[in-house]
Amino acid sequence: MPFSSLGLSPALLRGLGDKAYPAPTPIQLAAIPAALQGRDVLGSAQTGSGKTVAFALPLLQQLESAAMERPRRLRALVLVPTRELSTQVGEEIRSLGAHLANVPKVSIVFGGVSINPQLLRLRGGTDVVVATPGRLLDLVAHNALDLSSVATLVLDEADRLLDLGFTEELTRILALLPARRQNLFFSATFAPAVQALAHQLLHDPVRITVQPEPLTQPDIQQRAIAVDAGRRTQLLRHLIQQNHWSRVLVFVATKHAAEIVADKLRKARIYAEPFHGELSQGKRTQVLADFKASRLKVVVATDMAARGLDIALLPVVVNYDLPRSALDYTHRIGRTGRAGEPGIALSFVSADSEAHFRLIEKRQHLKLALEQVEGFEPLQTLGTAAPTAGGIKGKRPSKKDRLRAAAAAAGS
Ligand code: AMP
């Protein structure tokens, strides 16, 4: 079913046309018509399912049909757990609303940076705010925002909002909102606290469940390469150059490792930057923007920093250090193969991490052959190394192997 049959306005269909999305995703198909009717929505959906568009379009259509007011009055509030997500969501709403007759003002606000520029930008009012909860309350305290005119409230990634300890802020924000409003509630998981919040917030919601894509989905090719721990950076460099990868997200275990690996890649003239929690917000925003604009080839990130990071067309994710848990593995590889784009998720496995890798595999119901790359064959023995499935040149014997075989043949 095309977007044009969902009841969206011509201006929004033009906004969608700019994006060239082929067709609505399941969550969009279910949520958009319900939200356009003014219903509350309870969506169970993962990042990557297209949920941002699912709430952005109805929210914009309601703005389009509301009378234009000056100064602008806040009509839609989107609460998100992280700074990165606020920027992604805000930009998506802006671009989808770009063809509206009265282009809405979408303000993105988050903590960890000076409040003054945000106060300035909110002068003259705003139509939409995408915010992390703490900073939203600060802005309300500064009288820069008035929540009493909000007609639509979106909670995006509600489970993470609660996980990150925003319960008290949420309660305070809810108390400032008008009782009559539409609520669009999205969460990947429904722990009891999330259910309680949904119950408190929603009136007779339309419930939508989109199954997380199975991990073995064909558009994420999962592979594992056996390599000695000390040669991982060299191997990474080799793979990036040999495969002409345009954009690679590399996961490491610590901030320190992120700095070191990025530094080594830069020395090899591969433009790489670290991405971790100790960087300033300005730096993080810059890295993300450069990565999105393809000015940057490699981002070397820790798990925490990469949560919520959504970059369309991310072809390769590399587990330089293995994730701590099977769940982190899912989060990491979910960064590639988004919304139907193909992706590769590579894990580096060395002698000391092999047992841990097998555990992750078991939890994921996976069985990957450990590939070897010519010139990077591990010297430390890996117990169950198996020949490669192809692609990376594992199956071919290395030069050394061939020499050894020739010597053996000559000696026999
Ligand atoms: P989300 O679930 O909002 O995090 O969406 C994840 C990704 O899906 C984003 O990169 C969007 O650009 C992309 N996306 C959203 N809707 C569609 C669609 N209908 N078709 C293809 N990609 C989409």
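Note that ligands are numbered from 1 as they come in the structure, with each ligand's atoms numbered from 1 the same way. Computed over heavy atoms, backbone and side chain alike; hydrogens, waters and symmetry mates excluded.
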Considering only distance and modelled atom types, tabulate donor-acceptor pairs under 3.5 Å from the side chains of residues 70-81, sequence neighbours left out.
{"from": "Arg72", "atom 1": "NH1", "to": "Asp127", "atom 2": "OD2", "distance (Å)": "2.4"}

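- Using a 4.0 Å cut-off between charged nitrogen and carboxylate oxygen, Arg332 and Asp328 do not count as a salt-bridge pair.
- Ligand 1 places these atoms under 4.0 Å from at least one heavy atom of Ser49: 2 (O).
- When heavy-atom distances to ligand 1 are checked against a 4.0 Å cut-off, Gln28 comes that close only through its side chain, counted from C-beta outward.
- The aromatic rings of Tyr329 and Phe357 lie perpendicular to each other, with more than 60° between the two planes, well past the 30° mark.
- Listed by number with element, the atoms of ligand 1 under 4.0 Å from a non-hydrogen atom of Pro22 are 20 (N), 21 (C).
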Does the pair Arg172 and Glu169 meet the rule for a salt bridge (Lys or Arg N to Asp or Glu O under 4.0 Å), with working shown?
CA-CA 5 Å; Arg172 286 172 54 203; Glu169 284 88 346; 5.9 Å; no
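- Under the side chain to side chain donor-acceptor pair (under 3.5 Å) criterion, Glu92 pairs with Lys19, Tyr21, not counting sequence neighbours.
- Atoms of ligand 1 lying under 4.0 Å from at least one heavy atom of Ala23, given by number and element, are 18 (C), 19 (N), 20 (N).
- Pro178 approaches Ser148 most closely through the heavy-atom pair CG-O, 3.4 Å.
- Among the atoms of Thr52, some N or O lies under 3.5 angstrom from an N or O of ligand 1.
- Remark: among candidates Phe55, Tyr21, Phe3, the nearest residue to atom 17 (C) of ligand 1 is Tyr21, based on non-hydrogen atoms.
- The proximity of Ala45 to ligand 1, defined as any non-hydrogen pair under 4.0 Å, does not occur for either the backbone or the side chain.
- Geometrically, ligand 1 and Gly50 share a nitrogen or oxygen pair separated by less than 3.5 Å.
- Of all atoms in ligand 1, listed by their number and element, those nearer than 4.0 Å to a heavy atom of Lys51 are 1 (P), 2 (O), 3 (O).
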